[in-house]
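Every chain is numbered from 1 and lettered A, B, ... according to where its sequence line falls, protein lines coming before strand lines.
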There are 2 protein chains.
Amino acid sequence: MSLNLQEKILQAASELFYSQGIRATGVDAIVKAANTTKMSLYKYFPSKDDLVLAFLRKRDEDFRAWFVDQVNGKADTPKAKLLAIFDVIGEWMAIPEFRGCAFINAAAEFPLEGNPVHQVSAEFYDHFRNYIADLAGQCGSISPESLALQLSLLVEGAIVSEQMKRHSGSAEQAKQAAIILIEGSLGDIPDTTLLTDNSEEEQ
Amino acid sequence: MSLNLQEKILQAASELFYSQGIRATGVDAIVKAANTTKMSLYKYFPSKDDLVLAFLRKRDEDFRAWFVDQVNGKADTPKAKLLAIFDVIGEWMAIPEFRGCAFINAAAEFPLEGNPVHQVSAEFYDHFRNYIADLAGQCGSISPESLALQLSLLVEGAIVSEQMKRHSGSAEQAKQAAIILIEGSLGDIPDTTLLTDNSEEEQ
DNA sequence: ATTACACTATACCGACCGGTATAGTGACAA
DNA sequence: TTGTCACTATACCGGTCGGTATAGTGTAAT
């Protein structure tokens, strides 16, 4: 709660950027929401572009920390965590404030290739995939990187699908697909048997 | 080549909307690109919003027609067509004009839930999934709708992934995942190894 | 008391936004 | 000749955009 002014501005901007869109959010609106003035905003963020990048970089850290926390709260084994990813995504989608993925949205709002926004967004998903690949490696995937990329495609697909049409069950379908891909990548029998087959792995 | 004025305006707007983004494209820029005047534009499209929706609706028809054509040119059997989908997506992503999916981008640019843009975008993917479900049904999928939704998630995921980071092989990975999901959904043996309990294989 | 500094207050800038008003042009039909 | 109609030309509207200039306030250290 002890936010200094810079953090307060960034937080106000972040909420507006995510809920209304970046281009749709004017600097004046941010200033008003943060209860400060333009001069202070431009002291800490020399341009709106800087503020946008700061927003994305903080979102990168915050969202991933939150996400890993959620997954850890739902599952103990690496394999169960891989599946829990889709439960967390599903619950996230269900909250009314859900407006899709901030990074995908940002990349869509600034379509020109090579925009710094794309780079930060790509980095987020690199981190995200690394996290999945770690889990995949821990439970003995044949190709952790392949599995991680495939699962991340399902996640991203589910997010944008849900964004265009709410409550269409994309997270559940993504999970079903993930189950098959995971089992296949572990060299197990797919389908029907489901999880906890190989409780040989510890932790 | 025999474009009337209305079509010419819509085409100019479409190219700008897709390449630069919708919000980033001013009415004046469209007018200039179409070599006409504001008065004519506003005669055919009472507001920019109308023009945006016209753009998306036409894109819906055009893109799907083009896409089905491409797939048919690559494969003959329904099963081969399911896989060819990912080849077409992969080639589309490789062209320099690629800026992601117009519908996903539009939904991201107008984040408020219930925006007409979302509805048109959702309809596009409904059509897209129906097309996949048809193919899935034709080659004997256990659950064509499930498979279609799963494959569409892979496609959407690959598109947004490629948008944020070009040439990262997302289409190829999506195809690898699709192979497993398709084989699984047809009741076949998924990969190089492994048996399957329900030997209900047909076709 | 003086200085330094973080912050506020407010007015302003040129540029652009979506959209409109008014007038005019050229072709074609009655 | 007259009217209609698609289209052009241009000036204009209020509002908002990102960003800046100038002046002032409160506080805490020196």
Original post:
Under 3.5 Å, side chain of A:Arg129 to main-chain N/O of A:Ser152, donor-acceptor pair present?
Top reply: no
**OP:** Have a look at A:Asp60 and tell me which of A:Arg57, A:Arg64, A:Lys58 forms a side-chain hydrogen bond (donor to acceptor under 3.5 Å, both in side chains) with it.
**Re:** A:Arg64
**OP:** Take the protein atom NZ of B:Lys43 and the nucleotide atom P of D:dT8, then report the distance between them rounded to whole Å.
**Re:** 10 Å
Original post:
D:dT10 P sits how many Å from B:Met39 CE, rounded?
Top reply: 15 Å
**OP:** When you get a sec, tell me which of D:dG18, C:dG19, C:dC7 is the closest nucleotide to the side chain of B:Ser47?
**Re:** C:dG19
Original post:
Where the side chain of A:Tyr42 is defined as all heavy atoms beyond and including C-beta, which of C:dC7, C:dT20, D:dG19 is the nearest nucleotide?
Top reply: D:dG19
Original post:
Is there a donor-acceptor pair closer than 3.5 Å between any side-chain N or O of A:Asp87 and the backbone N or O of A:Lys74?
Top reply: no
Subject >> Base of D:dG18 paired with side chain of A:Lys48 (donor-acceptor, under 3.5 Å) >> reply: no
Subject >> N/O donor-acceptor pair under 3.5 Å between B:Lys48 side chain and B:Ile22 backbone >> reply: yes
**OP:** Using atom CD1 of B:Ile9 as one end and atom C1' of D:dA6 as the other, report the distance to the nearest whole Å.
**Re:** 12 Å
Subject >> Spacing between A:Phe45 atom CZ and D:dG18 atom C1', to the nearest angstrom >> reply: 16 Å
**OP:** Find the distance B:Asp28:CG to C:dT20:P and express it as a whole number of Å.
**Re:** 14 Å
Original post:
Closer to the 5' end of DNA chain D via nearest nucleotide, is it B:Asn35 or B:Lys38?
Top reply: B:Asn35
**OP:** Between C:dT8, C:dA6, D:dT8, spot the one nearest the side chain of B:Thr36, thanks.
**Re:** D:dT8
Original post:
Has B:Ser40 got a side-chain N or O lying under 4.0 Å from the OP1 or OP2 atom of D:dA6?
Top reply: no
Original post:
Between C:dT8 atom P and A:Leu41 atom CG, what is the distance in whole Å?
Top reply: 11 Å
**OP:** Take atom CG of B:Leu5 and atom C1' of C:dG26, then tell me their distance rounded to the nearest Å.
**Re:** 15 Å
Original post:
Out of D:dG18, C:dC7, C:dG18, which has the shortest distance to the side chain of B:Val27?
Top reply: C:dG18
Original post:
Whole Å only: how far is the CD atom of A:Gln6 from the P atom of C:dT8?
Top reply: 13 Å
Original post:
Ring centroid separation for A:Phe128 and A:Phe67, is it under 6.0 angstrom?
Top reply: yes
